[in-house]
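No experiment lies behind these values; they were computed from the predicted model shown.
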Amino acid sequence: MQGVGFRPFVFRLADANGLSGWVRNTPAGVVLEAQGASRGVEAFLRDLRGSAPPLALISAVRTEEIPPAPEVQGFAILESGGGRTDIQIAPDCDVCPDCLRELFDPADRRFRYPFINCTNCGPRYTIITGIPYDRPYTTMAGFPLCPDCRAEYENPLDRRFHAQPVACPVCGPRLDLRDDRGRVVEGDPLPMAVPLLKEGRILAVKGIGGYHLAVDACNEEAVRELRRRKKRDEKPFAVMSPSLGEVAEYALFDPTEQRLLEGPERPIVLLRKRESGPVAGRVAPCNGYIGVMLPYAPLHHLLLRGNFTALVMTSGNLSDEPIVHRDEDAGAILSEIADFFLTHNRDIHVRTDDSVIRVFQGAPLFLRRSRGYVPRAVILPSPQNEVLAVGAELKGAICLTRGRRAFLSQHIGDLKNDAVLRSLEETVEHLERILDIRPKAVAHDLHPDYLSTVYAREIPGVPRIAVQHHHAHLASCMAEHGLEGEVLGVIFDGTGLGSDGTVWGGEFLVGGYTSFRRSGYFRPVLLPGGDAAVREPFRMALSHLHTAYGENLFDLPLPFLAGIPAGERKLFLAMLERGINSPLTSSCGRLFDTVAALVGLRGRVSYEGQAAIELEALAESAETGEIYPFALEVEEERRMVDFRPMIRALVEDVAAGAHGPFMARRFHNTVSAAVGAMCEEIRAESGTDRVVLSGGVFQNKLLSEGVFTLLTEKGFRVFTHRLVPPNDGGIALGQAIIAGRSMTDVSCGTDADNDY
Ligand code: ZN
Ligand code: ZN
Ligand code: FE
């Protein structure tokens with residue numbers, strides 16, 4: 001990996017052990033020769049692995065004895081040697097312990113300097129403008145090193161040897177506080193920013209991958225004002241606390257969550273909220289969880305330490321638009337929301353949102369894989385041609401492959417407007433440039449109208465490969481586990497175009513990278529009004545009620561029906577009777593919406609997935625192993641789960657005034673049971689006992705746990721996502737490997753690929 005200080009580390013280690021020789025980067029990895037007393041060589045080899053720099057990842061060490069070369073004196077770091085190097089760029093990383101100590105050490109020359117960094121820490125991906133990874137190809141190009149910084153930069157024994165973003169108060173970027181009209185406020189920015197936040201003001205804070213909007217998370221009024229100005233009613237805000245001590249005041253965490261919070265990647269981790277805590281209720285309303293992160297830029301450490309229990313740190317953007325990362329956009333766009341700007345003159349070259357993780361069975365489950373992880377590669381089971389995959393529509397992310405490496409981009413956003421599409425284009429260009437990849441094919445979703453598909457169609461000179469949405473989900477989970485052959489994919493999500501032109505989303509697929517068949521699915525129902533049914537779960541409830549009860553559905557004793565005026569009832573009935581503007585869907589996400597509406601949780605949502613998130617939270621507060629009835633049916637060789645018996649039983653429960661959490665839990669159990677029953681039948685037929693779980697519905701921990709446990713008990717080997725999100729944010733990985741495998745003339749792979 002570039003810029004993680006591996007060669008200087010080798011140099012220091014050789015020097016310390018009195019060895020002579022050299023080290024250099026080659027396309028096959030780092031190669032070095034070292035000679036000296038055998039005890040020195042042994043110690044060198046031991047520590048090479050044992051004390052490598054924190055950002056270096058050693059996949060294998062191979063050694064070989066060679067004849068001594070008495071003419072070689074001292075140890076040298078040689079220029080990169082021959083051919084196309086296997087370029088890997090490090091992700092952005094939190095301040096390391098050494099830099100953190102210096103940051104708060106009054107005697108240090110970087111005391112309270114918000115841009116402190118070294119070879120072991122600091123920004124990488126977001127400041128790189130080109131390759132090779134060298135200062136002129138970063139956004140630090142405009143900051144010539146002062147003599148002190150240069151001395152550190154040139155000294156192989158210094159922690160800042162060849163640290164490209166190295167800077168100090170004399171030569172580096174500086175902080176500014178500006179008002180909402182862009183005028184600089186005179187004085188020391190940080191000591192002025194803290195009281196503004198304490199007063200309840202909204203600050204736009206320029207971070208590593210973009211601007212955050214910050215308010216004091218313990219100030220109910222300030223949070224309310226931020227929601228009003230951001231036009232965001234209910235979607236939870238993430239918060240940042242100075243350390244775990246403060247987090248413990250308002251949230252619970254286990255050792256895995258603690259490790260993730262404190263790790264150098266610094267993701268947002270979803271933690272269970274404490275019953276009462278100092279954080280304002282409006283931060284994450286109707287939600288048992290709160291998204292928490294610890295500081296990751298020196299600026300965050302300076303702003304928070306000793307000043308706040310928690311700050312709301314939400315992406316600085318207008319709803320549905322990408323996070324703002326350029327200063328001119330910040331002025332134009334965020335001045336509507338922010339009272340002040342805490343900003344600086346180090347450019348962010350590529351926007352990168354915070355990553356979001358929840359812990360499932362002691363390991364991370366990515367909801368969003370972005371800053372801190374990108375552009376770390378997922379290792380594919382075998383080398384393949386260089387391809388580009390452009391993802392689907394929601395939670396956009398692209399993927400580029402080279403040899404055995406698949407580079408999944410940062411989170412780009414929902415591809416529903418031109419601003420997000422432009423961000424996707426920039427991401428493709430940026431990653432192709434810094435990873436030196438020239439795709440020989442482009443993979444896209446089967447849906448012809450997704451902006452990602454439109455973009456893929458316009459790329460000249462390369463073959464295009466359309467990939468069915470749920471097949472891509474299946475391949476994505478297989479790829480990260482290195483699976484080959486055929487597996488059974490349980491793919492549950494909100495929406496995806498099926499091979500038959502209907503909307504899929506409750507799928508049981510059998511297949512691998514090169515082909516798949518739809519072995520089973522949820523019995524399709526109408527999606528009344530198409531996209532409108534996604535925003536209004538009550539429509540889905542009407543559809544499911546219609547399949548279970550026919551035209552008499554409005555006579556049912558369900559409270560939510562009372563809210564639908566007589567005129568609209570006629571309209572919905574006409575839609576459902578005749579299927580007007582109502583495509584068929586097998587969607588599992590929509591089944592969750594239906595149940596959320598039936599139990600009276602909500603009939604409308606203000607953000608994607610809201611009903612399912614709240615239904616899971618509701619279910620968590622009940623303990624029961626009971627299930628509702630459902631039926632498996634085979635119709636013209638099509639295997640389906642029929643949930644009509646469950647809908648009828650639920651209606652009876654609601655009419656009888658059953659406890660909401662109990663019904664929600666029972667519903668979760670029912671879906672798990674249906675998966676178990678269906679998988680057993682498909683195993684009997686296909687012989688496959690490996691199951692991959694993918695699709696956005698598996699962000700639901702309770703369901704994932706239920707399905708995982710049940711299938712494991714039945715003797716299946718179950719694979720869940722660990723490296724990329726189960727939602728559409730991980731789908732480009734699947735598209736990329738499917739495209740790679742579909743190409744017959746494989747001309748790729750370097751020696752380095754065989755190291756894994
Ligand atoms: Zn450092
Ligand atoms: Zn300097
Ligand atoms: Fe999907």
Side-chain angles (χ1 to χ4, degrees), residues 377-393 396-409 424 428 431-432 435 437-448 450 452-489 491 496-501 504 507 509-519 686 688 690 692 694-695 719 721 723-724 728 730-750 753:
V378 173
I379 305 303
L380 299 174
S382 65
Q384 64 173 47
N385 276 323
E386 295 185 355
V387 301
L388 163 67
V390 296
E393 180 176 55
I398 63 113
C399 184
L400 283 160
T401 68
R402 185 185 61 216
R404 278 188 65 188
R405 297 202 166 89
F407 301 93
L408 188 66
S409 78
L424 179 135
V428 171
L431 273 171
E432 285 184 357
L435 297 170
I437 291 177
R438 277 145 283 180
K440 293 193 177 66
V442 55
H444 59 83
D445 196 274
L446 198 55
H447 201 301
Y450 285 171
S452 56
T453 306
V454 174
Y455 165 74
R457 270 204 299 269
E458 284 166 4
I459 299 174
V462 288
R464 289 188 304 273
I465 296 151
V467 181
Q468 199 280 322
H469 189 94
H470 303 90
H471 184 206
H473 273 304
L474 172 141
S476 171
C477 194
M478 283 180 73
E480 70 166 70
H481 290 284
L483 303 179
E484 293 286 356
E486 282 205 335
V487 302
L488 203 172
I491 317 296
L497 181 61
S499 318
D500 62 356
W504 293 7
E507 309 304 311
L509 309 179
V510 174
Y513 302 120
T514 50
S515 68
F516 77 98
R517 57 187 183 279
R518 195 186 190 199
S519 287
S686 67
T688 179
R690 294 180 301 170
V692 300
S694 189
F719 300 88
H721 282 281
L723 302 177
V724 306
D728 289 2
I731 211 165
L733 173 64
Q735 293 174 338
I737 191 166
I738 288 171
R741 292 294 176 103
S742 77
M743 298 165 80
T744 42
D745 57 328
V746 180
S747 53
C748 59
T750 62
D753 294 323

Engineer: By side chain to side chain contact (heavy atoms under 4.5 Å, CB included), which residues pair with Ala466, not counting sequence neighbours?
Structural biologist: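 Checked Ala466 against side chain to side chain contact (heavy atoms under 4.5 Å, CB included); matches are His444, Leu446.
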
Engineer: Looking at CG of Leu497 and NE2 of His469, how far apart are the two atoms once the value is rounded to the nearest 0.5 Å?
Structural biologist: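 The NE2 atom of His469 is 10.0 Å from CG of Leu497, to the nearest 0.5 Å.
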
Engineer: Taking only residues two or more places apart in sequence or in another chain, which ones pass salt bridge (Lys or Arg N to Asp or Glu O under 4.0 Å) with Glu486?
Structural biologist: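 Scan of Glu486 (salt bridge (Lys or Arg N to Asp or Glu O under 4.0 Å), adjacent residues dropped) gives Arg517.
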
Engineer: Donor-acceptor pair, Ser499 side chain versus Gln468 backbone, under 3.5 Å?
Structural biologist: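 No, Ser499 side chain to Gln468 backbone: no donor-acceptor pair under 3.5 Å.
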
Engineer: Are Ile437 and Leu431 close enough that some pair of their side-chain heavy atoms sits under 4.5 Å apart?
Structural biologist: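 Side-chain contact under 4.5 Å: no.
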
Engineer: Looking only at heavy atoms, which two atoms of Pro439 and Val462 are closest? And how far apart?
Structural biologist: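 Result for this residue pair: O-CG1, 3.5 Å.
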
Engineer: Could I get the full list of salt bridge (Lys or Arg N to Asp or Glu O under 4.0 Å) partners for Glu484, not counting sequence neighbours?
Structural biologist: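 Result, salt bridge (Lys or Arg N to Asp or Glu O under 4.0 Å) vs Glu484: Arg741.
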
Engineer: Got a sec, which residues hit side chain to side chain contact (heavy atoms under 4.5 Å, CB included) with Ala397, two or more places apart in sequence or on another chain?
Structural biologist: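 For Ala397, the residues satisfying side chain to side chain contact (heavy atoms under 4.5 Å, CB included) (neighbours in sequence not counted) are Leu408, Ser409.
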
Engineer: Has the side chain of Arg404 got a donor or acceptor atom that lies under 3.5 Å from a matching backbone atom of Leu380?
Structural biologist: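 Such a contact is found between Arg404 side chain and Leu380 backbone.
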
Engineer: Between Arg402 and Leu435, is there a donor-acceptor pair closer than 3.5 Å when you use the side chain of the first and the backbone of the second?
Structural biologist: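 Judged by distance alone, yes, a pair lies under 3.5 Å.
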
Engineer: First locate atom NE2 of His470, then atom CG of Leu509, and finally report the distance between them rounded to the nearest 0.5 Å.
Structural biologist: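 If I round to the nearest 0.5 Å, the distance is 8.0 Å.
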
Engineer: Val428 and Tyr455: side-chain contact (heavy atoms from CB on, under 4.5 Å), yes or no, with the steps?
Structural biologist: CA-CA 11 Å; Val428 171; Tyr455 165 74; 3.4 Å; yes

Engineer: Do you know the tightest heavy-atom contact between Ala472 and Gln735?
Structural biologist: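 Closest pair (atom of Ala472, atom of Gln735, distance): CB-CG, 3.8 Å.
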
Engineer: Taking all non-hydrogen atoms of both residues into account, name the closest pair between Ala392 and Ser452 and its distance.
Structural biologist: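 Closest approach of Ala392 to Ser452, heavy atoms only: O-OG, 2.8 Å.
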
Engineer: With sequence neighbours excluded, what pairs up with Ala475 under the side chain to side chain contact (heavy atoms under 4.5 Å, CB included) test?
Structural biologist: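 Side chain to side chain contact (heavy atoms under 4.5 Å, CB included) list for Ala475, sorted by chain: Tyr513, Ile737, Ile738.
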
Engineer: Please report the shortest heavy-atom distance between Ser742 and Ile465, naming the atom on each side.
Structural biologist: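 Answer, listing the atom of Ser742 first, then Ile465: OG-CD1, 3.5 Å.
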
Engineer: Once rounded to the nearest 0.5 Å, what's the spacing between atom NE2 of His471 and atom CD1 of Ile491?
Structural biologist: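 If we round to the nearest 0.5 Å, His471:NE2 and Ile491:CD1 are 9.5 Å apart.
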
Engineer: Determine whether Asp728 and Glu393 make a side-chain contact, defined as any pair of heavy atoms from C-beta on separated by less than 4.5 Å.
Structural biologist: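 Answer no - side chains too far apart.
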
Engineer: Are the charged groups of Glu507 and Arg518 less than 4.0 angstrom apart, N to O?
Structural biologist: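 Salt bridge: yes.
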
Engineer: One pair to check against side-chain contact (heavy atoms from CB on, under 4.5 Å): Leu400 and Glu432. What are the steps and the verdict?
Structural biologist: CA-CA 8 Å; Leu400 283 160; Glu432 285 184 357; 3.8 Å; yes

Engineer: Can you tell me how far apart CG (Asp445) and CD1 (Ile731) are? Round to the nearest 0.5 Å.
Structural biologist: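 CD1 of Ile731 is found 6.0 Å from CG of Asp445.
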
Engineer: Is Glu480 close to His721 at the side-chain level, that is, under 4.5 Å between some pair of heavy atoms?
Structural biologist: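 Sidechains of Glu480 and His721: in contact.
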
Engineer: Using a 3.5 Å distance criterion without hydrogens, assess whether the side chain of Thr401 forms a donor-acceptor pair with backbone atoms of Ala406.
Structural biologist: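 Side chain of Thr401 to backbone of Ala406: no pair is present.
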
Engineer: Could you go through Ser476 and Val724, starting from their C-alpha distance and side-chain angles, then the distance that decides it, and tell me whether this counts as side-chain contact (heavy atoms from CB on, under 4.5 Å)?
Structural biologist: CA-CA 8 Å; Ser476 171; Val724 306; 3.6 Å; yes

Engineer: Decide side-chain contact (heavy atoms from CB on, under 4.5 Å) for Val442 and Val387; before the verdict, give the C-alpha distance in whole Å, the side-chain angles of both, and the deciding distance to 0.1 Å.
Structural biologist: CA-CA 6 Å; Val442 55; Val387 301; over 6 Å; no

Engineer: Just verifying a value: how many Å separate Arg690 CZ and Leu483 CG, rounded to the nearest 0.5 Å?
Structural biologist: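 Here the interatomic distance stands at 5.5 Å.
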
Engineer: Could I get the full list of salt bridge (Lys or Arg N to Asp or Glu O under 4.0 Å) partners for Arg457, not counting sequence neighbours?
Structural biologist: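 For Arg457, no residue satisfies salt bridge (Lys or Arg N to Asp or Glu O under 4.0 Å) once neighbours in sequence are set aside.
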
Engineer: If you round to the nearest 0.5 Å, how far is CZ of Arg438 from CD of Glu386?
Structural biologist: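 Answer rounded to 0.5 Å: 7.0 Å.
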
Engineer: For residues Ala732 and Ala389, report the shortest heavy-atom separation together with the two atoms involved.
Structural biologist: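 Reported closest heavy-atom pair: O-CB, 3.2 Å.
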
